[in-house]
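Protein chains get the first letters and strands the later ones, always in sequence-line order, with residue 1 at the start of each. In what follows, every heavy atom counts, from backbone to side chain, and hydrogens, waters and symmetry copies are set aside. Being a predicted model, the structure only gives us computed values, none of them experimental.
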Amino acid sequence: MPDCRSGGRGFESRRPRVFINFLIKMDYKKYWHTTSHIMAQAVKRLFPYVKLGTGPAIDKGFYYDFYKEEPFTPQDLIKIEEEMKKIIKENYKVEKIEKNKEEARQILKNEPFKLEILDEIKNEKVSFYKQGEFIDLCEGPHLDSTGEVKYFKLLSISSSYWKADENRESMQRIYGISFETKQELEEYIKFLEEAKQRDHRILGKKLDLFSINPEYGPGLIFWHPKGAIIRKIIEDFWKEIHLKNGYELVYTPHIANISLWEKSGHTSFYSDFLFPEMEVGEGKVYLLKPMNCPFHIQIYNSRLRSYKELPIRWAELGTVYRFEKPGVLHGLLRVRGFTQDDAHIFCTPNQLEQEICNIIDLVYFFLKSFGFEEYRVFLSTRPEKFVGTIENWEKATTSLENALKSKNINYEIDPGEGVFYGPKIDIKIKDCINREWQCSTIQIDFNIPEKFNLNYIDDKGKFKTPIMIHRAILGSLERFFGILIEHYKGNFPLWLAPEQVRILPVADRHNQFSINLKEKLKENFRVDVDLRNEKINKKIKDAEDEKVPYMIIIGDREIRENKLSLRKHTKGMLGEFNLDEIVKLFNEEIISKK
RNA sequence: GCCACCUUAGCUCAGAUGGUAGAGCAGCUCACUCGUAAUGAGCAGGUCGAGGGUUCAAGUCCCUCAGGUGGCUCCA
């Protein structure tokens, strides 16, 4: 079963994880862990009846799970924070205490969840950490005293299952963060607010880019004219670059007979993600496609292939549909219908490394074009469950590795994290507030060529099985658009901006001149003129709010002197220019993609 | 899907303890003809997500459903 790359993800049921990579200067794990104990102590003081779950430090802070019938309220959080401050002030020593299991059981007799954990521990000796009246079964390590925790904040309340098992008790989880300095905490909170302001769902509505109609299609995207023009620019650019780089474009249907997916294995392995079957009469059943590769394979198999044709590179902006569960849908980032910037490469083993190098170059070229300059690259190797021979896996992994090395790319290895049908490279990008997103993925597939009996005739006249590479660069247009909105905070660079210039006449006697100017600019740019009966201040404010990159103001002076006053979004007045200068300026900026 | 919370005008949101709805923005009309981030006035706009229940009376309380939001990987 080939994976379906939609932003580097396959079929999974979780929300897309946004890797919030706020720069945290030191290793805070110990610090956060102790803060979580302080929180648990505060909760125990305020709500003595709650039962303790687990409370680890995590990537960005800490949490503690409690068993409590009613959920915590925001007011509870304030009370808990107050109590935590007291505990910090009381400055308890944090002591490690070793106990044997029997003693431990006695201590934990009223903590059913802790007892469960205790039972799973193999060692005879277990450790407790004690601060004041609070004692917790815990491996540590911890700070020496509660007074060492300086600045903290409880961030959110949620529920989670005990042991992440939906059949088990629902726990109440409180998340928080803490730092040594007030400045770090403030910066972190500022970062969270900044991220909120960039939310593509809010900007998408404000800037009239897209919408989702919850009643008629949760998870299905309506691209409004302003979003659609951006999409068109991306698509045109994408196609042009692919054609220049030896790819051919293909188009394939949105539906196909169910037998295709029976063969690919989707109906058995991924049935949860398929939209229900369509009966089309005479017992024929069709499915909406959850991925493109089986179609590309049909094109490959439509006739006999020679080694002379390889490598074959087929690209398609292919729209696929997957029935994601209601709770996981999220704006443009997790949807039910999306367009993958998909491509499949069929090549010989000898060509593999070069093909991978080419893909990497292409990935970097695209990501740079969209303003992403920082990357983290991951190489995922053979998992426990896999298809194909170990020899092939090693060869393919080596090819991926060699390609990365020859490109001088630093990468991290994710051992055993490959998909079962082949190893892969994932590339994560950092946006301008340091969040990481995964879009690009390059996956080698040993399974599909065999399953669909792909072959070519080699130079000795023998049948050979080609190697197949799945790759996506942007992931999906929907998701990538969402990321772009957040990355640019809606301030699209000139080449992408839906409306590049707006002409603002000061009074209505300037309208005709402005209309004439629009006609001239229209040839090269996306331009509009604001003819509303409003004051110039209002027109400027609206253009600024709508994030139009450039404004040209036309009044008596401009008409008399035949000069154009140019204003740049968020920057203010640039000065007066003649038309040629402005055209040149815009063209240079468009080419630079900045 | 599970837990919690939310759903009131196109948008953002007010509407203690039940007594059949308000504001700002947007829209429309009119006046103003204006110089670098909101001119003023007027008008119009809602079966309060859907269905059911309690009540003399439900936006408000209860139940069901739909949708949205935050989570549901980190493990003593």
So, is A/K538 near the phosphate of B/A26, with a side-chain N or O under 4.0 Å from OP1 or OP2?
yes

Is any side-chain N or O of A/Q172 under 3.5 Å from a base N or O of B/G71, one able to act as donor and the other as acceptor?
no

Under 4.0 Å, counting only non-hydrogen atoms across every strand here, what does A/F128 touch: a base, just sugar-phosphate, or nothing?
nothing

Check each residue of residues 100-122 of chain A for a non-hydrogen atom within less than 4.0 Å of any atom in RNA chain B, then write out the ones that pass by number, or none.
A/K114, A/I117, A/I121

Is any side-chain nitrogen or oxygen of A/R201 closer than 4.0 Å to OP1 or OP2 of B/U69?
yes

A/E324 and its side chain to side chain donor-acceptor pair (under 3.5 Å) partner, picked from A/H330, A/R334, A/R336
A/R334

Check this one for me: any side-chain N or O of A/Y550 less than 4.0 Å away from OP1 or OP2 of B/U36?
no

Under the rule of Watson-Crick or G-U wobble with both distances under 3.5 Å, where | means paired to another strand and [ ] a crossing pair, RNA chain B maps to (((((((..((((.....[..)))).(((((.......))))).....(((((..]....))))))))))))....

Quiz question: going by heavy-atom distance under 3.5 Å, is there a donor-acceptor pair between the base of B/U33 and the side chain of A/D508?
yes

Please compare A/M573 and A/P218 by the position of their nearest nucleotide in RNA chain B and report the one closer to 5'.
A/M573

Respond yes when some side-chain nitrogen or oxygen of A/H569 is under 4.0 Å from OP1 or OP2 of B/A37, and no when none is.
no

Identify the two heavy atoms, one from A/L531 and one from A/P505, that lie closest to each other, and give their separation to 0.1 Å.
CD2-CG, 4.2 Å

Confirm from the modelled atom types if A/R567 and B/A37 form a donor-acceptor pair under 3.5 Å, side chain to base only.
yes

